[in-house]
Amino acid sequence: MASSFADDKKNVHLSISQVVKDFDGFKAVNDVSLDIYQGEIFALLGASGCGKSTLLRMLAGFEKPTSGDIILDGQSMLDVPPYERPVNMMFQSYALFPHMTVEQNIAFGLKHDNLSRPAIANKVEEVLNLVRMTEYAKRKPHQLSGGQQQRVALARSLAKEPKLLLLDEPMGALDKKLRTQMQLEIVDILEAVEVTCVMVTHDQEEAMTMASRVGIMDQGVIRQVGEPVDVYEHPNSRMTAEFIGSVNIFEGTLSKDESDHAELICDDLTVAIHASHGVVGSLGMPMAYAVRPEKIQIKRRAPDQPCNWAKGTIKDIAYLGSHSIYHVELANEKIVLVSMANSDRWSEVDDGPRLSWEDEVYVYWADDSGVMLNS
Amino acid sequence: MSTNKTNKLSWAILLGGFAFLYLPIFILIVYSFNESRLVTVWAGFSTKWYGELFEDEQMMSAVWMSLKIAFLSASAAVALGTLAAIALVRSGAFKGKTLFTGMITAPLVMPEVITGLSLLLLFVTMSQVLGWPEGRGSLTIWIAHTTFNMAYVAVVVSARLRELDRRLEEAAMDLGANKFQVFIYITLPIVAPALLAGWLLAFTLSLDDLVIASFVSGPGSTTLPMVVFSSVRLGVSPKINALATLLVLAVAMAAFIAWWFMRRNELQRQKEIRSAFSQ
Amino acid sequence: MNIAQVFTQTLKQSGKKLVVLLPFSWLLVFFLIPFLIVLQISFSESRIAQPPFTDLTSFVDDVYTISLNLFNYIDLYEYDLYLSGYISSVKIAFTATTLCLLIGYPIAYAIAKLPPHTRNLALMLVILPSWTSFLIRIYAWIGILKQNGLINNALMGLGVIEQPLEILHTPIAVYIGIVYAYLPFMVLPIYTNLVKHDSSLLEAAADLGARPIGSFFKITLPLSVSGIVAGSMLVFIPSVGEFVIPELLGGPDTLMIGKLLWSEFFNARNWPGASAVAVVMLLLLILPITIFQRYQAKDLEEQANEH
């Protein structure tokens, strides 16, 4: 979903400003400010208990912020009860009314808009068509599969043409295979109706697939906001680096700090770590370096570079089908993870026999493979 | 949102409901300490009705008779009701299961006059045909009470059995316990609270029954409710108020002890969870 | 297989059978067969003897005859007393059940809305009075409702009324008694149903534009129908045959069939007549009992599906 929102500044549609939610002294949401643009799909990503659901519930109107403001399309939502907000939500459990048919579920919201009977029927038909559930209109929710229930829930929340659509863990109740399919299908539908959407998820893959921008949330605070690529390639803290994907972290002290590169002396390595970007910091301060497993190469011979390599022994190989993860133990027992596509692994490693347990190898990476993190 | 207003309304409803449930009992207790025989005119504090209550030999022997029957029928009902619950929940399909389920739930709603009359006619017919039971008395009351009590026990225990995680029993079997051992060491301890609750329920129901006992009792086996009923029919009597007060006191004490134990267990559990986490 | 194995095998099988057989046969003998005997005796004639009814079958001169006597049923129809007794029993039970529902539903709803730890306490407080004597709780109302009872004294003391109100020995007192005694049986199943409701359904309704009142009538109420039916049946069925309440609180003109059966049996000593009254009452109650059992079974099924 590559359309870049950071570049062409669109209209701010939803503005969350300095929102705090205090539950008896526990700040579930702590001073969050966030702008969501017209028509984008924004994912709040975080572990359970990070405050993302509370934030979503405040957007829906089920919780009231302790302080701060929520402005949707130029209007403050603070005193608008949920049943008057132009906001609709697809619940994690779908919350389909069990005693109503699919049709009645979808018509439920429309009836509160004082629409005429034929207008309601038309709209119901339209959204059912959109989610390709027309033939199931007369069924009750328990007669539908998980994926079908989700489509109905989505149709119900879209029927009122909300200014803001909220998705709470949209794939939480589906099995893995169905998930991938539904993720793309939902994005297609959302883009077709051009609705602004905020979703909450703990699944980074889901956030990366569906969202145009991602906000990483932790302990009630938003740590980083950006497009999926940015957040993955350039995490701004250890927390985001470790939360999204797996990562190798090397701790050390800053030994060189220029505008276009920096170096780190690290106890785990015999050579320095060289990064091709500058950092904000002073020499001698503790610093961490993060590098993703798929950015690290593996070799039997010592690499031909002064920095960014280490010698170790293969302790474990996790075969994952398309790729394998090598657990390489360095001299001081530090484990470095290296991911390698399995199509490469026969040929590329020095033309020798394939790598195996207890083999001595070198791991190495390029100057621009990782990032220096000072927090 | 108007959560505050709804909260106030729901508190008002609860307070009203509890006032309705408890005021009559409270008034009953207050007037048990009334000097006057007139139950509605306050004439000063006195405990003389309690004295008279304990001197009433007919009442006291009825109390003894009722307690005896209640204890025995509750115990039998727990045994039979638990078997019925197991049959209901665990035996899968068997011939006559619908009839069986029907016979277990029907006594819960069956008007007492019908149950009483039908059991009496059974006993009369049986003694005609089989020569047993010879007369009517505490034995026939015991049978009658066991019959309707086992239905209550079966309902309480089967609810608990349904909640029981079958994987626990499967795990025990996987670890080498046979079916009997599984029942003794796993199932029984987990459903034990339900057995206790069922026993207490059966005990109070038996202690409370007037109609069925009136049908199936014979001369010389007068239960407490029968004595109370014949006295109450003649009008209000402070002696009955005194009896009611003692009964309420016993129930309140039992409830308090149950609540206290439950609360202590819960607090203990929370403390253990906390300390387990802080380690 | 050796003998020991065969023995344990049979023991296991018979053990399993015993679990079903023991309670089954107990209920068969002491619950089902008695009804058949009631049915049988309702067709016999009353007589002054021990037992006070005639045999249906006779064996005279090698001829086996069965005589069915329908007089008891004709009597029920002929005597206005019984017919109006049935009608007024159903009427009283229906009114009392409705009152119970109107009072019990809000209580169950309010308890289900409480935070979990206070919920159990409140529920216990609703049930607790049922653990004291039923008889004594009905008796308590005599002192409150009678001519010089608490209500009349209070109202006259306040000058609201000049003449004491006639409450005791009227249908109103019977309604109060039934509602008071059976209220927990209404509250409990409704509460059990309400507390299981998924709160996200109400949030979804609010999200889709329904106000709290609207969500109550469109979501909560329809979803609690099975609790309402169970509670209503638990109150209605025993109320129809209620004896103690009309006897103690009702007047001589408060006709209820349980009372009629009692006096037919104990005062008139007409056992066949009482049996006929019971049979007709049972026929009357078969429909509500079936409804109750169907909902009970449905509820059990739902519970089973959850696990």
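Just so it is clear: chains get the letters A, B, ... in the order the sequence lines come, proteins before strands, and each one is counted from 1. What you see is a predicted model; the values in this text were computed from it and never measured.
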Enquirer: Examine whether an atom of Leu285(C) lies under 4.5 Å from a heavy atom of chain B, and if so say whether it belongs to the side chain, the backbone or both; otherwise answer neither.
Expert: side chain

Enquirer: Check each atom of Leu28(C) against the heavy atoms of chain B and say whether the ones under 4.5 Å are side chain, backbone, both or neither.
Expert: both

Enquirer: Testing the basics here: between Val109(B) and Met233(C), what is the closest heavy-atom pair and its distance to 0.1 Å?
Expert: CG1-O, 4.2 Å

Enquirer: Is Ser118(B) close to chain C through its backbone or its side chain, or both, or neither, when contacts mean heavy atoms under 4.5 Å?
Expert: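 It is both, since atoms from each part get that close.
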
Enquirer: Between Glu112(B) and Phe243(C), is there a side-chain heavy-atom distance shorter than 4.5 Å?
Expert: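 Not in contact.
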
Enquirer: Of the listed residues (Ile104(B), Leu28(B), Leu21(B)), which shares the most heavy-atom pairs with chain C below a 4.5 Å separation?
Expert: Leu21(B)

Enquirer: Among Pro238(C), Pro129(C), Ala278(C), which has the most heavy-atom pairs under 4.5 Å with chain B?
Expert: Pro129(C)

Enquirer: Under a 4.5 Å heavy-atom cutoff, which of Val211(B), Leu99(B), Leu108(B) has the most pairs with chain C?
Expert: Val211(B)

Enquirer: Just give me the residue among Thr204(B), Leu205(B), Leu243(B), Val155(B) that pairs up with chain C most often, heavy atom to heavy atom, under 4.5 Å.
Expert: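 Max contact count across the listed options: Thr204(B).
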
Enquirer: Which one, Ala258(B), Ser214(B), Ser127(B), leads in non-hydrogen pairs under 4.5 Å with chain C?
Expert: Ser214(B)

Enquirer: At a heavy-atom separation under 4.5 Å, does Phe18(B) approach chain C through its side chain, its backbone, both, or neither?
Expert: side chain

Enquirer: Of the backbone (N, CA, C, O) and the side chain (C-beta and beyond), which part of Phe24(C) lies under 4.5 Å from a heavy atom of chain B, both, or neither?
Expert: both

Enquirer: Under 4.5 Å, counting heavy-atom pairs only, tell me which of Phe265(C), Phe31(C), Phe35(C), Tyr180(C) racks up the most with chain B.
Expert: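 Counting heavy-atom pairs under 4.5 Å, the top option is Tyr180(C).
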
Enquirer: If you round to the nearest 0.5 Å, how far is OG of Ser231(B) from CG of Leu135(C)?
Expert: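 The CG atom of Leu135(C) sits 9.5 Å away from the OG atom of Ser231(B).
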
Enquirer: So, do Ser133(C) and Leu207(B) sit near enough that their side-chain heavy atoms are less than 4.5 Å apart?
Expert: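 They are not in contact (no side-chain heavy atoms under 4.5 Å apart), so the answer is no.
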
Enquirer: Closest heavy-atom contact between Ala274(C) and Leu117(B)?
Expert: O-CD2, 3.7 Å

Enquirer: For a quick test of reading the model, state the closest non-hydrogen atom pair linking Ala197(B) to Trp131(C) and the distance between them.
Expert: O-CH2, 4.3 Å

Enquirer: Check Ile257(C), Leu282(C), Ile237(C), Val240(C) against Pro111(B) for a side-chain contact (heavy atoms from CB on, under 4.5 Å) and give me the one that passes.
Expert: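 For Pro111(B), the side-chain contact (heavy atoms from CB on, under 4.5 Å) check succeeds only for Ile237(C).
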
Enquirer: Quick check for you: to the nearest 0.5 Å, what is the distance between Leu32(C) atom CG and Leu122(B) atom CG?
Expert: 11.0 Å

Enquirer: Are Phe215(B) and Phe266(C) an aromatic pair by the rule of ring centers under 6.0 Å?
Expert: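 Centroid separation for Phe215(B) and Phe266(C): below 6.0 Å.
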
Enquirer: Answer with side chain, backbone, both or neither: which region of Thr125(B) has an atom nearer than 4.5 Å to a non-hydrogen atom of chain C?
Expert: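 Thr125(B) touches chain C through side-chain heavy atoms alone.
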
Enquirer: I need the Arg294(C) CZ to Thr105(B) OG1 distance, nearest 0.5 Å.
Expert: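 Those atoms lie 13.5 Å apart.
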
Enquirer: Compare every heavy atom of Leu27(C) with every heavy atom of Met150(B), then report the nearest pair and how far apart it is.
Expert: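 Closest pair (atom of Met150(B), atom of Leu27(C), distance): CE-CG, 3.9 Å.
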
Enquirer: If you measure from NZ on Lys113(C) to CG on Leu9(B), what distance do you get to the nearest 0.5 Å?
Expert: 12.5 Å

Enquirer: Tell me if the CD1 atom of Ile213(C) is crowded by more than 12 foreign heavy atoms within 6.0 Å.
Expert: no

Enquirer: At a heavy-atom distance under 4.5 Å, which candidate from Leu224(B), Leu120(B), Asp209(B), Thr82(B) has the highest pair count against chain C?
Expert: Leu120(B)

Enquirer: Surrounding CZ of Arg167(B) (heavy atoms of other residues, nucleotides or ligands, distance under 6.0 Å), is the total greater than 12?
Expert: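 Result for CZ/Arg167(B): open.
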
Enquirer: Where does Leu200(B) contact chain C at under 4.5 Å (heavy atoms): side chain, backbone, both or neither?
Expert: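 It is both, since atoms from each part get that close.
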
Enquirer: At a heavy-atom distance under 4.5 Å, which candidate from Ile107(C), Leu125(C), Val38(C) has the highest pair count against chain B?
Expert: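 Looking at each of Ile107(C), Leu125(C), Val38(C) in turn, Leu125(C) comes out on top.
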
Enquirer: Looking at every heavy atom in both Gly241(C) and Val113(B), which two are closest together, and how far apart are they?
Expert: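 Minimum heavy-atom contact is O-CG2, 3.5 Å.
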
Enquirer: What pairs with Phe30(C) under ring-ring contact (aromatic ring centres under 6.0 Å, His included), at least two apart in sequence or on another chain?
Expert: Trp26(C)

Enquirer: So which of Leu22(C), Asn120(C), Ile289(C) has the largest heavy-atom pair count under 4.5 angstrom toward chain B?
Expert: Leu22(C)

Enquirer: Between Ile114(B) and Met281(C), is any pair of side-chain heavy atoms under 4.5 Å apart?
Expert: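 Side-chain contact under 4.5 Å: yes.
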
Enquirer: Please name the pair of heavy atoms, one in Leu121(B) and one in Ser275(C), separated by the smallest distance, quoted to 0.1 Å.
Expert: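 The answer is CD1-OG, 3.3 Å.
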
Enquirer: Are Tyr109(C) and Ile13(B) side-chain neighbours, meaning at least one heavy-atom pair lies under 4.5 Å?
Expert: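 No; the side chains remain at least 4.5 Å from each other.
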
Enquirer: Picking from Ala106(B), Ala144(B), Gly17(B), which has the most non-hydrogen pairs under 4.5 angstrom with chain C?
Expert: Ala106(B)

Enquirer: Give, as side chain, backbone, both or neither, the part of Val126(C) having an atom under 4.5 angstrom from any heavy atom of chain B.
Expert: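 Contact with chain B is through both the backbone and side chain of Val126(C).
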
Enquirer: Would Tyr139(C) and Val228(B) satisfy side-chain contact (heavy atoms from CB on, under 4.5 Å), going step by step from the backbone distance to the final call?
Expert: CA-CA 10 Å; Tyr139(C) 160 78; Val228(B) 172; over 6 Å; no

Enquirer: Side chain, backbone, both or neither: which part of Ile27(B) has a non-hydrogen atom closer than 4.5 Å to chain C?
Expert: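 For Ile27(B), the side chain is the part near chain C, not the backbone.
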
Enquirer: Below 4.5 Å, heavy atoms only, C-beta onward: do Glu266(B) and His117(C) meet side chain to side chain?
Expert: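 Of all side-chain heavy-atom pairs linking His117(C) with Glu266(B), none is under 4.5 Å.
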
Enquirer: Quick one: pull up CG in Leu128(C) and OH in Tyr22(B) and give me the separation to the nearest 0.5 Å.
Expert: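 One gets 4.0 Å once the value is rounded to the nearest 0.5 Å.
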
Enquirer: What residue, out of Leu114(C), Leu234(C), Val235(C), has the most heavy-atom pairs lying under 4.5 Å from chain B?
Expert: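 That would be Leu114(C).
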
